[in-house]
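This is a predicted model, so every value here is computed, not measured. Side chains are part of it too, since the values below use all heavy atoms of this structure and drop only hydrogens, waters and symmetry mates.
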Amino acid sequence: MKLRVAGPPPGAPRFDRRLLARRARALLAALDLPRAELSLALVSDAAIASLNAAHRGRRGPTDVLAYSLLEGAHAAHRAELLGDVVIATSLAARQARELGHSLNDELLRLLIHGVLHLLGFDHEKPGDARRMRAKERALWRAVA
């Protein structure tokens, strides 16, 4: 498997980047995707707010965005590349404090969520949300 991590931005909260990379590889292994390639971008709140506005038409930052290459016009040319997961590190740090866990764990939670979106999971409908949450919990147990 191949993992590319970009970031974090200057001034980002401190976290264990090597742990995140190990967990990302373990996540792909737990999903039985040993040849997969994943791009992970750790960005500022401003950067993700810009992406959120441009691609989702929503104002302000969000914690994670996923850009899947499994569907769409270029899917036939993607090789093993799943797509891109983009995480806002400062927003993740605030959420970690609010939820009472570490930033390392919050980054893993967001990574799992983003990768599942790459694979086609969604949470817009109640049944889909239940399936996605169950898969998130199972992957958390396998990787954390």
Side-chain angles (χ1 to χ4, degrees), residues 1-17 19-21 23-33 35-140 142-144:
M1 69 193 64
K2 189 172 183 182
L3 174 67
R4 183 182 189 299
V5 181
R14 292 180 129 348
F15 64 93
D16 188 336
R17 185 182 161 127
L19 175 63
L20 181 61
R23 286 174 156 184
R25 287 182 182 91
L27 174 60
L28 295 176
L31 287 163
D32 197 26
L33 297 169
R35 297 181 59 217
E37 296 180 32
L38 175 66
S39 171
L40 173 60
L42 305 165
V43 302
S44 68
D45 288 2
I48 208 163
S50 178
L51 291 170
N52 201 25
H55 299 278
R56 297 178 68 222
R58 296 190 181 169
R59 290 180 48 125
T62 188
D63 52 6
V64 62
L65 291 170
Y67 297 95
S68 180
L69 290 176
L70 296 180
E71 57 190 19
H74 302 289
H77 307 288
R78 72 173 184 82
E80 297 296 325
L81 185 59
L82 296 177
D84 305 307
V85 174
V86 182
I87 297 174
T89 55
S90 292
L91 181 52
R94 290 191 300 278
Q95 289 177 175
R97 282 191 303 275
E98 290 168 6
L99 295 169
H101 58 244
S102 72
L103 177 54
N104 290 320
D105 284 350
E106 182 65 7
L107 291 171
L108 175 58
R109 186 186 72 78
L110 295 172
L111 176 63
I112 290 169
H113 189 84
V115 168
L116 287 179
H117 275 307
L118 293 181
L119 297 175
F121 284 78
D122 202 354
H123 46 79
E124 295 299 317
K125 297 177 185 170
D128 292 341
R130 279 190 301 277
R131 280 186 287 284
M132 188 169 184
R133 278 192 307 273
K135 188 68 171 178
E136 286 172 334
R137 285 189 300 271
L139 288 169
W140 179 268
V143 174

Minimum heavy-atom separation for [X] to [Y], with atom names?
| X | Y | answer |
| --- | --- | --- |
| Pro13 | Leu103 | CB-CD2, 3.7 Å |
| Ala92 | Ile87 | CB-CG2, 4.4 Å |
| Ala66 | Gly114 | CB-O, 3.4 Å |
| Ala96 | Ser102 | CB-O, 3.7 Å |

How long is the straight-line distance from [atom2] of [Y] back to [atom1] of [X], given to the nearest 0.5 Å?
| X | Y | atom1 | atom2 | answer |
| --- | --- | --- | --- | --- |
| Leu116 | Leu31 | CG | CG | 6.5 Å |
| Leu69 | Asp84 | CG | CG | 6.5 Å |
| Arg59 | Asn52 | CZ | CG | 11.5 Å |
| Arg131 | Arg133 | CZ | CZ | 11.0 Å |
| Thr89 | Asp63 | OG1 | CG | 12.0 Å |
| His117 | Ile112 | NE2 | CD1 | 12.5 Å |

Quick check on Arg130: does its CZ atom have over 12 non-hydrogen neighbours (other residues, nucleotides or ligands) under 6.0 Å away?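 Counting neighbours around CZ of Arg130, 12 or fewer heavy atoms of other residues, nucleotides or ligands fall under 6.0 Å, so no.
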When you look at Leu20 and Leu40, which way does the side-chain contact (heavy atoms from CB on, under 4.5 Å) test go after all the steps? CA-CA 10 Å; Leu20 181 61; Leu40 173 60; 3.8 Å; yes
Sidechain N-carboxylate O distance under 4.0 Å for Arg109, Glu106: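 A salt bridge links Arg109 with Glu106.
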State plainly whether the residues Arg23 and Asp105 are in salt-bridge range, i.e. N to O under 4.0 Å.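 Answer for the salt bridge query: yes.
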Report the relative orientation of the aromatic rings in His123 and His113; use parallel for angles under 30°, tilted for 30 to 60°, perpendicular for over 60°.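 If you compare the ring of His123 with that of His113, the planes turn out tilted.
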Just wondering, do [Y] and [X] contact through their side chains at under 4.5 Å, heavy atoms?
| X | Y | answer |
| --- | --- | --- |
| Leu91 | Ile48 | no |
| Met1 | Leu38 | no |
| Leu3 | Leu28 | no |
| Val143 | Leu111 | no |
| Arg94 | Asp45 | yes |
| Leu82 | Glu37 | no |

Is it true that a side-chain atom of Asn104 and a backbone atom of Asp16 form a donor plus acceptor pair closer than 3.5 Å?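 A pair under 3.5 Å: yes.
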Report the C-alpha separation of His55 and Tyr67 in whole Å, then their side-chain angles, then the decisive distance to 0.1 Å, and conclude whether the side-chain contact (heavy atoms from CB on, under 4.5 Å) test is met. CA-CA 10 Å; His55 299 278; Tyr67 297 95; 3.4 Å; yes
